[in-house]
Amino acid sequence: MQREYVQDLSKLVGQEITLRGWLYGKRSSGKIQFLILRDGTGHCQCVVMKNAVDAATYAACDELSQESAFAVTGKVQATDKAPGGYELFVSSIELGAKAAEYPITPKEHGVEYLMEHRHLWLRSSRPWATMRIRDTLIVAIRNFFHERDFLCFDSPILTPNAAEGTSTLFETKYFEEGMAYLSQSGQLYGEAGAMAFGKVYVFGPTFRAERSKTKRHLNEFWMVEPEVAFMDLEGGMQLAEEFVHYIVGRVLEERQSELAILDDGSGRLVERCQRVMKPFERMHYDEAAKILYKYWDDKLASGEELPPTFKRFEYGDDFGAYDEVALTSLYDAPVIVHHYPASVKAFYMKRDPNEPDKALAMDVLFPEFGEIIGGSQREDNLDELLKRIEEHQLPKAAFEWYLDLRRYGSVPHAGFGLGLERLVMWVCDLDHIREAIPFPRTLTRIWP
RNA sequence: UCCUGAGUAGCUCAGUUGGUUAGAGCAUCUGACUGUUAAUCAGAGGGUCGUAGGUUCAAGUCCUACCUCAGGAGCCA
């Protein structure tokens with residue numbers, strides 16, 4: 001089937017071509033009609049003049065309802081009157097399947113309504129731009145690791161036990177073996193991969209059955225988790241920074257027009273991305289704690305009203321949502337906080353020999369957003385790890401294979417996890433993470 | 001699990017101190033218009049006011065319960 005794509009119009013000026021797609025919108029003015037065609041690569045204004053086409057072609061315009069399929073042939077013209085700078089001067093139209101009355105009109109809709117029609121909403125320009133940026137991030141993630149000789153290492157989605165013992169997992173029956181659980185992290189398997197291949201990354205779906213109800217949580221999301229043998233916490237922080245610079249840099253290079261669609265016209269989306277390209281701030285947990293104490297002291301002294309769910313940060317706590325936003329609002333670039341109290345971190349994180357109450361853990365916090373990356377150097381000493389498993393009251397038997405990694409040539413190693421949707425949400429400046437994935441799964445939504 | 005808020009036309013919303021026949025924009029349909037940008041203009045159709053009960057001469061409006069959804073916290077990526 002002969003056709004050109006809207007994204008290539010700039011190379012086709014003056015030529016007679018055919019575009020195939022759907023009607024995104026239409027404006028008519030008696031003897032002239034403007035059809036907006038959408039073909040997946042972009043939008044094109046198609047101009048139909050009554051005295052330039054035969055009667056049947058002009059009448060065909062009336063048959064086109066929003067989202068009806070059609071093909072249109074005409075000459076490509078450059079013009080500043082058309083969005084995008086190019087339009088098609090129509091000579092003929094071929095009607096395809098007519099669309100029934102379309103539920104999504106050009107006027108505003110509520111998010112709930114749009115999510116009920118997510119399968120159609122994806123055709124609209126904002127989701128379209130978001131998904132193209134998501135695609136660029138995914139390709140960039142794979143390229144980044146591929147170029148650095150990391151092995152793509154797929155971890156299982158069905159797992160035998162509730163490994164980390166922290167979050168609630170989805171469960172399903174597994175033949176005669178009892179219950180299986182959907183993976184909440186590929187990390188432990190990634191560590192086996194690092195011992196076999198040196199440098200690996202796990203990139204796949206992750207499932208958490210938490211009854212989370214915030215704009216930063218999904219129950220099914222995609223996470224990329226590099227794991228490297230002979231890498232310490234410092235190496236992990238360096239890798240995380242280099243990684244973010246690379247993938248966000250790709251969006252800046254390749255997706256300017258999509259960022260413009262999502263922007264309010266101020267250019268702040270590009271500006272935000274450029275902030276991330278700067279060197280990251282780094283601070284010890286103790287320093288961050290000091291800053292937070294002062295921050296909230298000043299806030300309370302100023303008499304400013306704090307949200308009803310606000311809880312004052314105390315030394316030894318993990319940071320809450322308010323703390324992360326507060327801390328990052330003070331800096332231009334992302335902030336890496338390291339050396340969190342071991343008591344608030346996972347059992348597999350190594351403790352700092354010089355500060356035994358601190359874990360060799362780090363979080364990358366994005367400006368005015370919060371955690372996008374969490375990582376650590378892993379405990380590589382068998383006895384220490386056994387102690388942690390006992391302290392956390394985890395079933396030792398379930399971890400025998402993981403303990404083997406320490407029994408047979410244990411080495412220092414580290415890694416981190418990055419939530420893809422959180423990054424998409426931040427780059428696209430979305431109000432809610434559910435718009436960062438094609439079909440979000442949340443507490444109250446498993447449809448469509 | 002906890003806290004807060006919302007449910008009125010296909011969609012987004014207004015509806016005063018309880019008071020006659022329930023309001024607008026968009027969408028749909030009819031008509032006008034040769035450069036529109038969410039086109040505009042004129043007209044038409046479209047309602048179990050979330051559900052159930054209660055108070056009252058009178059309830060979209062007040063009360064009670066329930067349902068659904070949204071926002072925030074915690075958990076985390």
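To find a chain, count down the sequence lines: A is the first, B the second, and so on, and within it residues start at 1. Side-chain atoms are counted along with the backbone in the values below, which use heavy atoms only and exclude waters and symmetry mates.
For the C1' atoms, the distance from B:C69 to B:C41 is 39 Å, rounded to whole Å. For the C1' atoms, the distance linking B:U17 with B:U36 amounts to 48 Å, nearest Å. Taking the P atom of each, B:U21 and B:A38 are spaced 42 Å apart, rounded to whole Å. Using atom P as the reference point in both B:C57 and B:G15, the two lie 28 Å apart (nearest Å). For B:A14 and B:G7, the P atoms lie 7 Å apart once the distance is rounded to whole Å. Remark: the separation of the P atoms in B:A27 and B:U40 is 7 Å, to the nearest Å. The separation of B:U28 from B:U68, taken at their C1' atoms, amounts to 28 Å, rounded to a whole angstrom. One C1' atom belongs to B:G47, the other to B:G23, and the distance between them is 12 Å to the nearest Å.
An OP1 or OP2 oxygen of B:G71 is reached within less than 4.0 angstrom by a side-chain nitrogen or oxygen of A:Arg434. Phosphate proximity of B:A70 to A:Thr444: present, with a side-chain N or O under 4.0 Å from OP1 or OP2. Contact check, A:Arg208 against B:C76: no side-chain N or O comes under 4.0 Å of OP1 or OP2.
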Base versus backbone protein contacts along nucleotides 40-48 of chain B [heavy-atom cut-off under 4.0 Å; B, S, -]: ---------
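Atom-to-atom, CZ of A:Phe34 to C1' of B:U36 comes out at 4 Å; the value is rounded to the nearest Å. Here B:C69 presents its C1' atom at 15 Å from CZ of A:Arg211, a figure rounded to the nearest Å. Between the P atom of B:U34 and the CZ atom of A:Phe89 lies a distance of 15 Å, rounded to the nearest Å. What separates CD of A:Glu314 from P of B:G74 is a distance of 15 Å, to the nearest Å. Here the P atom of nucleotide B:U36 and the CE atom of A:Met49 are 12 Å apart, to the nearest Å. Between the NZ atom of A:Lys215 and the C1' atom of B:A77 there is a distance of 17 Å, rounded to whole Å. As a whole-Å value, the separation of A:Ile32 CD1 from B:C33 P is 14 Å. Atom CD in A:Glu421 sits roughly 14 Å away from atom P in B:A77 (whole-Å rounding).
At the heavy-atom level, A:Phe310 lies nowhere under 4.0 Å from the strands shown. Counting non-hydrogen atoms under 4.0 angstrom, A:Gln33 reaches nothing in the nucleic acid. As judged by a 4.0 angstrom heavy-atom cut-off over every strand, A:His432 is placed among residues touching the sugar-phosphate backbone only. Here A:Arg445 lies out of heavy-atom contact (under 4.0 Å) with every strand. Residue-level contact check: A:Met223 touches the backbone only, with heavy atoms under 4.0 Å from sugar-phosphate atoms and none from bases. Residue contacts shown for A:Leu218 include a base, since a base heavy atom lies under 4.0 Å away. Residue A:Leu418 is out of contact with every strand shown, counting any heavy-atom pair closer than 4.0 Å. At a threshold of 4.0 angstrom between heavy atoms, the contacts of A:Lys213 include nucleobase atoms, whether or not backbone atoms are also involved. Within the nucleic acid shown, A:Gly320 comes within 4.0 Å of sugar-phosphate atoms alone, with no base atom in reach, counting heavy atoms only.
Closest to the A:Asn51 side chain, of the nucleotides B:U34, B:G71, B:U36, is B:U34. For A:Lys81, whose side chain is taken as the heavy atoms from C-beta onward, the closest listed nucleotide among B:C76, B:U36, B:G74 is B:U36. In this structure, of B:C69, B:A73, B:A77, it is B:A73 that holds the atom nearest to the side chain of A:Arg216. Between B:C76, B:G35, B:G74, one nucleotide has an atom nearer to the side chain of A:Arg422 than all others, and that is B:C76. Listed nucleotides: B:A77, B:G35, B:U34. Nearest to the side chain of A:Phe221: B:A77.
Between A:Glu242 and A:Arg148, at least one side-chain N (NZ, or NE/NH1/NH2) sits under 4.0 Å from a carboxylate O, which counts as a salt bridge.
Taking the ring pair (Phe, Tyr, Trp, His ring centres under 6.0 Å) definition, one finds that A:His432 meets it with nothing, sequence neighbours left out. Legend: residues meeting side chain to side chain donor-acceptor pair (under 3.5 Å) with A:Arg118, ordered by chain and number and at least two apart, are absent. By the ring pair (Phe, Tyr, Trp, His ring centres under 6.0 Å) test, A:His338 is found to be paired with A:His284, residues two or more places apart in sequence or in another chain being considered. Scanning for salt bridge (Lys or Arg N to Asp or Glu O under 4.0 Å) contacts around A:Asp297 gives A:Arg312, with sequence neighbours left out. Under the ring pair (Phe, Tyr, Trp, His ring centres under 6.0 Å) criterion, A:Phe144 pairs with A:Phe243, A:Tyr246, sequence neighbours left out. The ring pair (Phe, Tyr, Trp, His ring centres under 6.0 Å) check on A:Phe221 picks up nothing, with sequence neighbours excluded. Taking the salt bridge (Lys or Arg N to Asp or Glu O under 4.0 Å) definition, one finds that A:Glu225 meets it with nothing, sequence neighbours left out.
Only one option out of A:Ile93, A:Leu88, A:Val72 pairs with A:Leu35 in a side-chain contact (heavy atoms from CB on, under 4.5 Å); it is A:Ile93.
Ring centers of A:His117 and A:Tyr113: under 6.0 Å apart, within the cut-off. Between A:Phe366 and A:Tyr331, a ring centre-to-centre spacing not shorter than 6.0 Å is recorded.
Figure legend: cation-pi geometry between A:Arg123 and A:Trp128 absent, as NZ or CZ is not positioned both under 6.0 Å from the six-membered ring centre and within 45° of its axis. For the pair A:Lys345 and A:Tyr340, the cation-pi criterion (under 6.0 Å, within 45° of the ring axis) is fulfilled.
The number of heavy atoms from other shown groups lying within 6.0 Å of CG (A:Asp431) does not exceed 12. Surrounding OH of A:Tyr5 are at most 12 heavy atoms belonging to other residues, nucleotides or ligands under 6.0 Å away.
Residue-to-nucleotide contacts include no donor-acceptor pair under 3.5 Å from the side chain of A:Glu112 to the base of B:G7.
Scanning residues 115-142 of chain A for heavy-atom distances under 4.0 Å to RNA chain B yields an empty list.
Residue pairs meeting the ring-ring contact (aromatic ring centres under 6.0 Å, His included) criterion with at least one member in residues 39-74 of chain A, sequence neighbours excluded: A:Tyr24-A:His43.
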Can you name the atoms? Protein N/O to nucleotides 8-11 of chain B N/O, anything below 3.5 Å, with the distance.
residue	atom	partner	partner atom	Å
B:C11	O2'	A:Glu108	O	3.2
B:C11	O2'	A:His109	ND1	2.5

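Checking A:Leu443 against A:Gly30, the closest nucleotide of RNA chain B that is more toward the 5' end is the one next to A:Leu443.
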According to the Watson-Crick and G-U wobble definition with distances under 3.5 Å, which dot-bracket string, read 5' to 3', encodes RNA chain B, using [ ] for crossing pairs and | for pairs with another strand? (((((((..((((.....[...)))).(((((.......))))).....(((((..]....))))))))))))....
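Taking each heavy atom of A:Glu435 and A:Thr130 in turn, the nearest pair found is O-CG2, 3.5 Å. Taking both residues in full, the closest heavy atoms of A:Asp363 and A:Gly374 are given as OD1-CA, 3.5 Å, listed atom of the first, atom of the second, then distance.
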